[in-house]
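Counting convention: from 1, in listed order, for ligands and their atoms alike. Fair warning: this is a prediction, and the values are worked out from it, not measured in the lab.
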Amino acid sequence: MNLPTDPHHVPPYAIVDTTLREGEQFAGARFTTNHKIKIAQMLNQVGVEYIELSSPASSALTFEDHKILVDLGLKSKLVPHLRCAKSDVDLALSTGMKVFHLMFATSPILQQYSHGKTIDEIIQRATEIVSYLKGMQMEVRFSGEDAFRSNIEDLDRVFEAVLEAGADRIGLPDTVGGATPFQVYETVGHFHEKFPDAEIQFHCHNDAGCALANSYAALMAGATHLDVTVLGIGERNGITALTDLVARLYTLNRDAVAKYNLKALPPLDHYVAQLVGVDIPISGCVTSPTAFHHRAGIHTNALTRSTSSYEILDPSDFGVTRKIDIAHRLVGKNAIRQRSLDLGLNIADETLAEITWEIKTMSDQEKLTDEFVDGLLQEAAATGRKPTRQYDKDGSTRRMD
Ligand code: HCA
Ligand code: CU
């Protein structure tokens with residue numbers, strides 16, 4: 001396995017957002033027609049290339065909603081997620097969509113417990129539908145559900161057959177989230193080498209916490225299409241999150257995400273979080289409530305000189321702001337000085353050192369608030385407060401007397 005040597009090289013790729021399909025399978029989700037319209041419009045504003053939708057055969061309303069979504073005329077391509085069944089495909093065709101995602105489970109465990117079909121039967125059904133759609137010049141992807149627990153020889157045969165039938169793209173989902181980044185790199189690399197002209201779509205569940213790392217590994221191994229959902233919502237604990245993937249690629253090469261409207265991501269994350277009734281997790285990139293909070297004196301001191309010292313993402317590129325936490329015992333004098341300047345106050349350095357020390361001491365006793373610290377600073381400025389003792393000058397971490 002030859003690993004990529006230049007981390008700043010990000011190959012061309014497209015994002016397939018499946019919030020309106022995989023995300024509909026999330027425990028808290030129930031999207032109304034208006035929710036779907038708004039989510040699709042917001043995804044379109046971000047600029048994702050594809051928006052995947054639940055099968056129109058899922059429910060009568062789903063079918064009606066598809067027609068409404070098609071009529072929006074979005075730039076993002078709408079794609080239904082379909083079983084290899086002619087009736088489902090015909091229903092999807094009648095909505096006016098031009099891209100089709102087909103899937104069939106190829107792993108022995110799902111063959112046994114899900115559909116009971118042999119690999120030959122899968123090949124026969126899949127190629128029939130692929131040829132049918134390609135006969136109408138549609139864009140078609142076929143994915144082998146549970147690819148990472150499938151036999152590679154079976155996948156070789158299935159993909160060879162669907163590509164022969166004209167499929168544009170093959171799909172490799174890590175359905176149960178068990179794959180590791182190295183395994184993904186090797187498996188995607190295998191198919192990229194075997195079918196160099198085929199597009200490869202990758203979809204990864206997060207059961208073992210590797211979804212984002214696996215999506216990155218897939219991209220570097222030759223995947224051309226990466227599945228995500230807003231906040232990563234999906235079956236169980238979900239899949240790779242849209243904002244996380246963008247943040248991952250942004251830090252490697254900002255040009256790699258220049259095609260997206262980064263400032264459109266936070267409103268989308270917040271909208272979907274509220275719709276499905278979850279808080280954005282603290283581990284979420286960019287939109288986590290603490291993603292740009294800085295605390296320790298050593299950090300905040302360096303940040304006043306260069307924001308890049310402790311920030312790999314520039315919050316302003318995403319339309320969000322940083323916060324310097326000051327009401328705690330780890331605070332440094334530079335952060336307190338910066339806060340007093342932000343408040344338009346002029347306080348002598350020695351006084352700031354004493355206030356810093358007081359905040360540390362009080363914070364040992366109780367939880368302080370920003371308002372309390374602001375009050376101390378305002379009072380010091382108003383009274384022209386002078387320090388009563390001496391403190392070390394660089395962060396007042398120690399009392400000198
Ligand atoms: C599902 C399974 C799926 C499909 C992904 C794909 C998965 O239909 O719920 O179409 O490539 O994780 O395997 O989401
Ligand atoms: Cu999935």
Side-chain angles (χ1 to χ4, degrees), residues 13-27 29 49-59 62 77-85 88-89 92 97 99-111 113-115 117 122 125-126 129-130 133 139-150 154-155 158-159 162-163 167-179 183-184 187-188 191 198-212 214-215 218-219 223-242 245:
Y13 67 98
I15 289 183
V16 179
D17 184 280
T18 176
T19 305
L20 295 178
R21 195 283 294 175
E22 177 76 56
E24 259 212 314
Q25 297 172 219
F26 179 62
E49 286 83 351
Y50 296 83
I51 297 175
E52 190 178 70
L53 306 172
S54 296
S55 169
S58 315
S59 76
T62 304
K77 295 181 190 175
L78 299 176
V79 199
H81 176 74
L82 304 163
R83 296 175 298 185
C84 290
D88 294 9
V89 171
M97 289 187 209
V99 190
F100 296 80
H101 282 171
L102 304 169
M103 60 129 198
F104 220 127
T106 45
S107 66
I109 188 164
L110 292 188
Q111 281 180 273
Y113 294 111
S114 174
H115 57 64
K117 303 280 180 296
I122 295 169
R125 289 195 184 209
I129 301 287
V130 171
L133 285 167
E139 181 181 329
V140 182
R141 181 220 70 186
F142 173 86
S143 83
E145 189 188 355
D146 206 11
F148 288 82
R149 291 192 300 175
S150 302
D154 290 341
L155 286 178
V158 173
F159 289 149
V162 293
L163 289 170
D168 302 274
R169 186 157 68 246
I170 55 174
L172 290 166
D174 177 20
T175 306
V176 292
Q183 188 188 355
V184 168
T187 306
V188 173
F191 290 109
E199 296 173 341
I200 299 178
Q201 187 165 341
F202 180 73
H203 171 106
C204 193
H205 280 263
N206 203 32
D207 299 70
C210 274
L212 175 63
N214 285 346
S215 296
L219 173 64
T224 53
H225 292 63
L226 300 175
D227 278 21
V228 295
T229 58
V230 178
L231 299 178
I233 60 170
E235 286 280 351
R236 308 184 302 283
N237 74 335
I239 68 166
T240 308
L242 169 60
L245 179 69

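The set of protein atoms (N, O or S) found at less than 2.8 Å from the Cu ion (ligand 2) reads Glu22 OE1, His203 NE2, His205 NE2, by chain and number.
Summarising the geometry of Phe100 relative to Ala92, their closest heavy-atom pair is CE2-CB, 3.7 Å, with the distance given to 0.1 Å. The minimum heavy-atom distance linking Leu102 with Arg83 is given by the pair CD2-O, 4.2 Å. In terms of heavy-atom proximity, Thr175 sits nearest to Glu145 at OG1-CG, 3.6 Å. When all heavy atoms of Ala218 and Val188 are compared, the pair lying nearest together is O-CG1, 3.6 Å. Among all heavy-atom pairs drawn from Gln111 and Lys117, the shortest one is NE2-O, 2.9 Å.
Using a 4.5 Å cut-off on side-chain heavy atoms (C-beta onward), Ile122 and His115 make contact. The shortest distance between side-chain heavy atoms of Arg141 and His81 falls below 4.5 Å.
Pocket lining of ligand 1, defined as residues with a non-hydrogen atom under 4.0 Å away: Arg21, Glu22, Gln25, His81, Met103, Arg141, Ser143, Glu145, Pro173, Thr175, His203, His205.
In this structure a side-chain-to-backbone donor-acceptor pair under 3.5 Å is present from Asp174 to Gly178. Listed for the Asn206 side chain is a donor-acceptor partner under 3.5 Å among the backbone atoms of Ala211.
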